[in-house]
Amino acid sequence: MLDALTYAGNLENIARLVEGGRVKFIKGSIAEAADVKTAMKGCEAVFNFAAETHVDRSIQEGGTFIKTDVLGTYTLLRVAHELGIERFVQISTDEVYGSSSGEYFTEASPLRPGNPYAASKCGGDLMGAAFFNTFEVPVVITRSSNNFGPYQHVEKFIPLFITNTIEGKDLPLYGDGKHERDWIYVEDNCAAIELVGTQGTAGEIYNIAVGSSHPNIEVAELILELLGAPKSRIKLIEDRKGHDRAYLMDSSKMGALGWQPRHQFRNALEKTVQWYKDNEDWWRRVKSGAFREYYDTYYKEKLKKGKRYGD
Ligand code: TDX
C-alpha cells in the first residue's frame, strides 16, 4: 500500500494489518514516479483509492486536487504500463456526472463536473480511458455514490454531524438542507470494487449506487434522534458554492455482475453512530490539531450567521 499520509491519511487505521503482515506499507506519493515504481514492483493489480476528495477544500484551493487526482493517476498508469500490470482499478465517483435533476446517470452519460474536485476526478478517469485505448492498460473504472461507515474522516458530512452531536456542538447544514445523496455503506462499496477488480471487463466503467437517496436534513435529524439530541442543534448555514443538488446513478451494470448492496441505510447508520461512540479516542485525535484549525476558520463565521433549524 502506497500512501502519502497527507492530512487525511492515518496509519492508525491499518496498524493491525501492517503488524499482522497482511499489508506492506510504503510512504510516498502517487504523483512521484520513483515512489510508484517502488510500490508497484511485483504487483499483479493496482487499485487507485488515492485522491484528494473533499469538495469544500477543492473550492478553497484546487491545485493539490489536480496534482493528486490527475497527475497522480497519470503517473500510476504510466508505471502500470511500463510494468505490465494485469488489472488497474480506478476508484472514481458519481460527482463526475454533475448534479441530477431527477434523471439517473448511466456509464454513458456525459461528464459535467460541478466543482474543482469533480473536474479533477474526471481528469483521472479520462486518463484511464486514454491509457486503455492507447496502450491497452487493462483499466476498469468504478463510480460510487456517497460512502459512509467506520474510520471515515471527520470532515465528511456523516462523521462530522455524529461527532459534533457527541461534542454538544451545532450541526452546520448547507443551504436549505434539501440536497440529497445516495448513501452506500463502505462494506457494500468495497465488495463491489472487489468484484469489478476480479470480474469486470477492461475498458469498462461501473456505477456503484444503492438507489435510495436521502435529503441531508433527514440524515441530520436521524443522527440527532439516534444520539438523543434535539433538532434545534441543526444550523442552516451559507450554501456550498456550486452545491450539486443530487447524484442519481443507474447501477444495473453492477447488478449484472452479481452485486447487490446488503445494508439498509438506517441499520448501517445506527452501526456507524455506534462505531463513533465506541471510538471516541480515534476521532478526537483526528479532530484535534490541523483539523480543528480548518473547522474553526471554515465554519466559525458561517455558523454565527446561520439560522437555527425550526426558528
Ligand atoms: O458541513 C457540511 N454540511 C453539509 O450540509 C458538509 C461537510 C456537507 N454538507 C452536505 C453537502 C452534501 O450535500 O452534505 C452532503 C455530503 O457532503 P460531503 O460529505 O462533503 O460529500 P459530497 O460533497 O457529496 O462528496 C462525497 O461524495 C462523493 C465525497 O466527499 C466525495 O469524495 C465523493 O466523490
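First listed ligand is number 1; within each ligand, the first listed atom is number 1. Quick caveat, the model's predicted, so the values are computed rather than measured. Worth knowing before you read on, the calculation uses all heavy atoms, side chains too, and leaves out hydrogens, waters and symmetry mates.
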If you take the nearest heavy atom of each of K156, R245, K302, R240, which one is closest to atom 20 (O) of ligand 1?
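Ranked by closest heavy atom to atom 20 (O) of ligand 1, first place is R240.
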Just to be sure I'm reading this right: ignoring hydrogens, which of G175, P172, G177 gets closest to atom 3 (N) of ligand 1? Compare them by their nearest heavy atoms.
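Shortest heavy-atom distance from atom 3 (N) of ligand 1: P172.
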Starting from [atom], which protein heavy atom do you reach first, and at what distance in Å?
atom                    : value
atom 11 (C) of ligand 1 : H243 NE2, 3.3 Å
atom 26 (C) of ligand 1 : N146 ND2, 3.4 Å
atom 1 (O) of ligand 1  : Y299 OH, 2.7 Å
atom 8 (C) of ligand 1  : Y174 CE1, 3.6 Å
atom 34 (O) of ligand 1 : Y117 OH, 2.5 Å
atom 19 (O) of ligand 1 : F157 N, 2.9 Å
atom 25 (O) of ligand 1 : E95 OE2, 2.8 Å

Could you see which bit of [X] sits under 4.0 Å from ligand 1, with heavy atoms only: side chain, backbone, both or neither?
X    : answer
I158 : neither
V55  : side chain
N216 : side chain

Salt bridge present between [X] and [Y] (N-O < 4.0 angstrom):
X    : Y    : result
E187 : R262 : no
K37  : E82  : yes
K304 : E301 : yes
K253 : E204 : yes

Does E155 have a non-hydrogen atom less than 4.0 Å from ligand 1?
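The answer is yes: ligand 1 sits under 4.0 Å from a heavy atom of E155.
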Donor-acceptor pair between D244 and Y247 side chains, under 3.5 angstrom
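D244 vs Y247: donor-acceptor pair found between side chains.
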Measuring centre to centre across the rings, with the benzene-like ring taken for any Trp, is W282 within less than 6.0 Å of W275?
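They qualify: ring centres under 6.0 Å apart.
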Only one of D188, I91, I193 forms a side-chain contact (heavy atoms from CB on, under 4.5 Å) with I208, so which one is it?
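Between I208 and the candidates, side-chain contact (heavy atoms from CB on, under 4.5 Å) is satisfied uniquely by I193.
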Verdict with supporting geometry, R266 and E270, salt bridge (charged side-chain N to carboxylate O under 4.0 Å, His left out):
CA-CA 6 Å; R266 194 189 161 104; E270 280 172 16; 3.1 Å; yes
For D56 and R240, run salt bridge (charged side-chain N to carboxylate O under 4.0 Å, His left out): C-alpha distance rounded to whole Å, both residues' side-chain angles, the deciding distance at 0.1 Å, then the answer.
CA-CA 7 Å; D56 296 320; R240 173 186 275 173; 2.6 Å; yes
Nitrogen or oxygen atoms of D56 and ligand 1 under 3.5 Å apart
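It does not: no N or O of D56 is found under 3.5 Å from an N or O of ligand 1.
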Can you list the ligand 1 atoms lying under 4.0 Å from a non-hydrogen atom of H54?
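It comes down to these atoms of ligand 1: 20 (O).
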